[in-house]
Amino acid sequence: MREALRGLTTRGRSFLAAGGAAALSALILGEKDLLRVAVLLAILPLLAAAYVGRSRYKLACSRSLEPHRVQVGASSRVILRLQNLSRLPTGTLLLEDRLPYALGSRPRVVLERLGAHQASSVAYTVRADVRGRYEVGPLVVRLTDPFGLCELSRSFPSVDRLTVIPQVVPLPSVRLVGEFAGTGDSRARSVAVHGEDDAATREYRRGDDLRRVHWKSTARVGELMVRREEQPWESRATVVLDTRQYGHRGEGPTSSFEWAVSAAASIAVHLRAAGYKLRLVTDAGVDVDAGEAGGEGMLLDHLAEVKLTPRGDVGLLVERVRRRSDGGLVIAVLGGLEPGETELLAALRGNNATCIAVLVDTSTWLNLAPEARAEADAAREAASLGLLSSGWRVVGAAHGDKLPALWPQAARGSQGFAYRATMAETVAGTLGVAR
């Protein structure tokens, strides 16, 4: 009750003051009718405080997000459900959900009243133009009586999280080099169909089911042999994202880094839909497998929070990729590279890996003077030449380019890789080698 009295509005306090003044005047003048008015004026705010205070602790709230994961620039619908658990109806309710600045201003919704055990739902939309994970809530409910004499606030501590992932664009279906690099017992076997004697077998391993023992092969080899299990072909792909701060240009949602993050997300989703066992690696320490159920969502959640690394190192990135790499397809979305860094990336060509680089020309995100532009172009061409000479396939990307238009260059047998002609001219002009 004490807390409810502290919630009296200016009007409620005015009623109390008027009631006290009327009571004092009634005692001085001996007017009983005036005393009745004084009692009425004083009791109204007290009853309002008791009424609001009782309702304050009889409310239940729940929140849901539809959906809880959205792309940059998309909207999510927030649904609030408020229920009155009391037998008494509530007064007017003012709902205010707390939101981070990136999701817009705080929504305010007014509910006139809730009857006994009645529930009501309200909804609003949020939109974010910046990647990240944002907390929605807590909800603050302000309750007031019909006369506006008392107002109390209640905060529901529960919060929900909205994940804003990078923009994912659909890519055309192309045949990629290395798409048949896979795992499983069927990888290195030659299947024969001439009878049971030619069944594919391997040596017995501890834990194998004895019912799989192939006795004819065991007698012929002199060692316990078992039939191979037929396993589905499993293509592997590793998506590498360059997060070095000095390798990217621009700021905010229009920076080269945001373009690279969106490209990595689009490529990952495309490969996952094509049946690849997917892995995402960054030099910021992210190493995520998306081969299991829900792996794609986990991968996108990591990309929603990935940030530039002030002390990024290509050497550490290569080491992290090679730590668990056993061939397959490697697609790297790279920013600006220095000559020594292209030599480090050449190490990823081991284990019969097919490497494709989406080389982002980050200098096109800046307005450079002609001399600076020439230097940036020369550095970009040198990086592209270094990757091409080590067996990489290079897809160039500049400011304003759309990934779906560039993606066919990564296809098997494609002769349209960016910079190839420029590289040949550079080699011919610099080294004097005839084309």
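As the structure is a computational prediction, the values presented were derived from the model and not from experiment.
Residues P67 and S76 form a side-chain contact, since some pair of their non-hydrogen atoms from C-beta on lies under 4.5 Å apart. Inter-residue side-chain proximity for S158 and R63 is flagged as met; some heavy-atom pair is nearer than 4.5 Å. A 4.5 Å side-chain heavy-atom check between L82 and S120 finds every atom pair outside the cut-off. Using a 4.5 Å heavy-atom cutoff, the side chains of L280 and L303 are in contact. You'll find the side chain of P138 reaches within 4.5 Å of the side chain of R98, heavy atoms only. Residues L403 and I267 form a side-chain contact, since some pair of their non-hydrogen atoms from C-beta on lies under 4.5 Å apart. Side-chain contact between L345 and L348 is present, with heavy atoms from C-beta onward closer than 4.5 Å. Between V37 and L41, some side-chain heavy-atom pair lies under the 4.5 Å cut-off.
R272 CZ to K277 NZ: the interatomic distance, rounded to the nearest 0.5 Å, is 10.5 Å. The line from CD1 of I165 to CZ of R69 is 6.5 Å long, rounded to the nearest 0.5 Å. Rounded to the nearest 0.5 angstrom, I79 CD1 and S62 OG are separated by 9.5 Å. Separation of atoms CD (E381) and CG (L388) is listed at 11.5 Å; rounding is to 0.5 Å. Taken from CG in L387 to CG in L337, the straight-line distance is 6.0 Å, to the nearest 0.5 Å. Distance CD1/I356 to CG/L359: 13.5 Å, rounded to 0.5 Å.
Remark: R373 engages S363 in a side chain to side chain donor-acceptor pair (under 3.5 Å) (not counting sequence neighbours). Under the side chain to side chain contact (heavy atoms under 4.5 Å, CB included) criterion, P404 pairs with V169, L171, P172, K402, sequence neighbours left out. By the side chain to side chain donor-acceptor pair (under 3.5 Å) test, R161 is found to be paired with E135, residues two or more places apart in sequence or in another chain being considered. Contacts of H399 classified as side chain to side chain donor-acceptor pair (under 3.5 Å), with partners at least two apart in sequence or in another chain: W365. Applying the side chain to side chain contact (heavy atoms under 4.5 Å, CB included) rule to A332 yields the partners V240, L334, W392; only residues at least two apart in sequence or on another chain are considered. Applying the side chain to side chain contact (heavy atoms under 4.5 Å, CB included) criterion to P170, with sequence neighbours excluded, gives no partner residue.
Salt-bridge check for D287 with R320: failed, with every basic side-chain N at 4.0 Å or more from each acidic carboxylate O.
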* To do: Evaluate side chain to side chain contact (heavy atoms under 4.5 Å, CB included) for L65 paired with R77, printing each intermediate quantity in order.
  => CA-CA 6 Å; L65 302 179; R77 193 164 182 257; over 6 Å; no
* To do: I would like to know whether L143 and E151 meet side chain to side chain contact (heavy atoms under 4.5 Å, CB included); could you show each step before the answer?
  => CA-CA 5 Å; L143 303 95; E151 181 179 293; over 6 Å; no
* Tell me, with the steps shown, if V136 and V159 meet side chain to side chain contact (heavy atoms under 4.5 Å, CB included). => CA-CA 6 Å; V136 179; V159 297; over 6 Å; no
* Take V269 and E296, measure what side chain to side chain contact (heavy atoms under 4.5 Å, CB included) needs, and give me the verdict at the end. => CA-CA 7 Å; V269 171; E296 180 180 314; 3.9 Å; yes
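Of the possible donor and acceptor atoms, none in the side chain of R380 sits under 3.5 Å from a partner among the backbone N and O of T362. Judged by distance alone, the side chain of S390 and the main-chain N or O of G386 form a donor-acceptor pair under 3.5 Å. With hydrogens and angles ignored, the 3.5 Å screen pairs no side-chain donor or acceptor of E305 with any backbone N or O of R133. Remark: the backbone N or O of R279 is not paired with any side-chain donor or acceptor of T238 at under 3.5 angstrom. No side-chain donor-acceptor contact under 3.5 Å links T364 to the backbone of A398.
The two residues P310 and L308 have their closest heavy-atom pair at CD-O, 3.6 Å. The two residues S153 and V140 have their closest heavy-atom pair at CB-CG1, 4.4 Å. Shortest non-hydrogen contact noted between A23 and A38 is N-CB, 3.2 Å. The minimum heavy-atom distance between G148 and T9, with the atom names listed, is O-OG1, 2.7 Å. L149 and A48 get closest at one heavy-atom pair: CB-CB, 3.9 Å. In this structure, A265 and L300 approach most closely via the heavy-atom pair CB-CD2, 4.0 Å.
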Hey, can you pull the donor-acceptor pairs under 3.5 Å for the side chains in residues 12-22, sequence neighbours left out?
{"from": "R13", "atom 1": "NE", "to": "L8", "atom 2": "O", "distance (Å)": "3.3"}
{"from": "R13", "atom 1": "NH2", "to": "R6", "atom 2": "O", "distance (Å)": "3.4"}
{"from": "S14", "atom 1": "OG", "to": "T10", "atom 2": "O", "distance (Å)": "2.7"}

Show which side-chain atoms of residues 107-118 pair as donor or acceptor with protein atoms under 3.5 Å away, not counting sequence neighbours.
{"from": "R108", "atom 1": "NE", "to": "E96", "atom 2": "OE1", "distance (Å)": "3.4"}
{"from": "Q118", "atom 1": "OE1", "to": "G115", "atom 2": "N", "distance (Å)": "2.6"}

Would you tabulate the side-chain donor-acceptor contacts of residues 121-130 under 3.5 Å, counting partners in other chains and residues two or more places apart, or write 'none'?
{"from": "Y124", "atom 1": "OH", "to": "D97", "atom 2": "OD2", "distance (Å)": "2.6"}
{"from": "R127", "atom 1": "NE", "to": "D129", "atom 2": "OD1", "distance (Å)": "3.4"}
{"from": "R127", "atom 1": "NH1", "to": "G73", "atom 2": "O", "distance (Å)": "2.6"}
{"from": "R127", "atom 1": "NH2", "to": "D129", "atom 2": "OD1", "distance (Å)": "3.4"}

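Remark: I43 CD1 is loosely packed, at most 12 non-hydrogen atoms of other residues, nucleotides or ligands lying under 6.0 Å away.
The list of side chain to side chain donor-acceptor pair (under 3.5 Å) pairs with a residue in residues 30-48, not counting sequence neighbours, reads D33-R36. For residues 258-270, the pairs satisfying salt bridge (charged side-chain N to carboxylate O under 4.0 Å, His left out) are R131-E258, with sequence neighbours left out. Note on residues 242-251: pairs passing side chain to side chain donor-acceptor pair (under 3.5 Å), not counting sequence neighbours, are D242-R244, T243-D283, T243-T309, R244-Y246, R244-E341, Y246-E341, H248-S256.
Of the candidates V358, V306, V281, L241 forms a side-chain contact (heavy atoms from CB on, under 4.5 Å) with just one, namely V306. The one candidate from V395, D361, V394 that meets the side-chain contact (heavy atoms from CB on, under 4.5 Å) condition with S384 is V394.
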